[in-house]
There are 2 protein chains.
Amino acid sequence: MEPVPVLLAMTYRALGDQFHDRLRQIGLEPLRPAHGYVFRFLEEKRATTVDIGQHLGVTKQAAAKIANELDEWGYVLKEPHPTDKRAQYVTLTTKGRDYLKLADNLWSDLEAEMAEAIGADTLATVKQGLAAYLRHVRGEDRPGLRPIW
Amino acid sequence: MEPVPVLLAMTYRALGDQFHDRLRQIGLEPLRPAHGYVFRFLEEKRATTVDIGQHLGVTKQAAAKIANELDEWGYVLKEPHPTDKRAQYVTLTTKGRDYLKLADNLWSDLEAEMAEAIGADTLATVKQGLAAYLRHVRGEDRPGLRPIW
DNA sequence: AAGTTTGGACAACTTGGTTGACTACTTTGG
DNA sequence: CCAAAGTAGTCAACCAAGTTGTCCAAACTT
């Protein structure tokens, strides 16, 4: 049996490839994973560029670049921070929310297929196991999302 | 619960970060994941640059660069292919095998800690679940190891 | 009020890949 | 058996997506 990180990397890649393919089939410009993760992040909480960088596990400059792209493409907009004149909140536009919704559906499909392939109970155990490990090793603050290569 | 790919990415990152830290504690120059994956690959089978590229999920040029680095640092050497005069086999040197052994021990430690954290049975299910999914989705030919970001 | 920290932007650079072109050798099929 | 097509490897140009370093203005700290 392959070691755990190899399994993780391969599965991540396999899922990502499929997601990417289907997105293209629909005819939607496939953003990079980072963009999707930002959407998902912004859905939950208001965030500044710095917050985003921390969440992704990259520098604020890198995060700013991503945020600017998303802004340019109309998925997010920046609004002034209510109390801090330096900062800006990055928030999802309707277009951004729509994209996220569609992507979520796609992910649901993929996860459903995964459940069918390996058994819903097994998948549930996998998810809970990974989540438990993350809590154990990192407590509340999650590791960056960016896989180190 | 976070979606599967997020869990995969975070866990991969968390494991990788720990591995990296410990390798540095020992005082060993931490190669990149790609190098480790190549070691593991070469341990099993003789491989050419092209094979390596395919295994990692990158172009042969990128694979060649990695192989050359490993060669330069003394972890692998290239020997002529017995029948194909164009090709070269890349094989592990003793130094390479030693490094792999040490890395394997480290990974065992990490995996043992993971087992302790989430339960050995759960970990076993996780591994089997991921492996089963990979077989299902890809059959025999594995997806590239490189996580797409 | 002075000193330190922080959000954000700009610029230069690095890394690690890509595509494209070319050579030498190998395989295939008429 | 030879011509065409395919493949291993290298070189070079390019590109994407990060990094570090520097700076400003606003915000905290004391």
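Chain letters run A, B, ... following the sequence lines, proteins first, then strands; residues in each count from 1. What you are looking at is a predicted structure, and each value in this text was computed from that prediction instead of being measured.
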Quick check on DNA chain D: between Asp84(B) and Trp149(B), whose nearest nucleotide comes earlier from the 5' end?
Asp84(B)
Residue pairs, two or more places apart or on separate chains, that pass ring pair (Phe, Tyr, Trp, His ring centres under 6.0 Å) and touch residues 86-105 of chain B:
Phe39(B)-Tyr99(B), Tyr75(B)-Tyr99(B), His81(B)-Tyr89(B)
Residue pairs fulfilling ring pair (Phe, Tyr, Trp, His ring centres under 6.0 Å) with at least one residue in residues 4-27 of chain B, sequence neighbours excluded
Phe19(B)-Trp107(B)
Please report, to 0.1 Å, the donor-acceptor pairs under 3.5 Å made by any side chain of residues 121-131 of chain A, with sequence neighbours excluded.
residue	atom	partner	partner atom	Å
Thr122(A)	OG1	Ile118(A)	O	3.1
Thr125(A)	OG1	Asp121(A)	O	3.0
Lys127(A)	NZ	Glu111(A)	OE2	2.7

Partner set under side chain to side chain donor-acceptor pair (under 3.5 Å) for Asp71(A), not counting sequence neighbours
none
Separation of dG16(C) atom P from Tyr37(B) atom OH, nearest Å, is 15 Å
What are the 5'-most and 3'-most nucleotides of DNA chain D lying under 4.0 Å from any heavy atom of chain A?
dA17(D) to dA27(D)
Positions of residues 62-79 of chain A (non-hydrogen atom under 4.0 Å from DNA chain D), listed by number
Ala62(A), Lys65(A)
Counting only side-chain N and O atoms of Arg32(B), is one of them less than 4.0 Å from OP1 or OP2 of dG17(C)?
yes
Do any of residues 42-60 of chain A sit with a heavy atom less than 4.0 Å from DNA chain C, and if so which?
Thr48(A), Thr49(A), Val50(A), Lys60(A)
Sequence neighbours left out, what passes side chain to side chain donor-acceptor pair (under 3.5 Å) with Glu43(B)? Give chain and number order.
none
With sequence neighbours left out, the residues meeting salt bridge (charged side-chain N to carboxylate O under 4.0 Å, His left out) with Glu79(B) are Arg46(B)
Gln61(A) vs Ala34(A), nearer the 5' end of DNA chain D by closest nucleotide
Ala34(A)
Side chain to side chain donor-acceptor pair (under 3.5 Å) partners for Asn68(B), two or more places apart
Lys78(B)
Output every pair passing ring pair (Phe, Tyr, Trp, His ring centres under 6.0 Å) with a member in residues 48-71 of chain A, not counting sequence neighbours, ordered by first then second residue.
Phe41(A)-His55(A)
How close do Ile66(A) and Ala34(A) get, counting heavy atoms only, and between which atoms?
CD1-CB, 3.8 Å
Residues that Asp84(A) engages under side chain to side chain donor-acceptor pair (under 3.5 Å), provided they are two or more places apart:
Arg86(A)
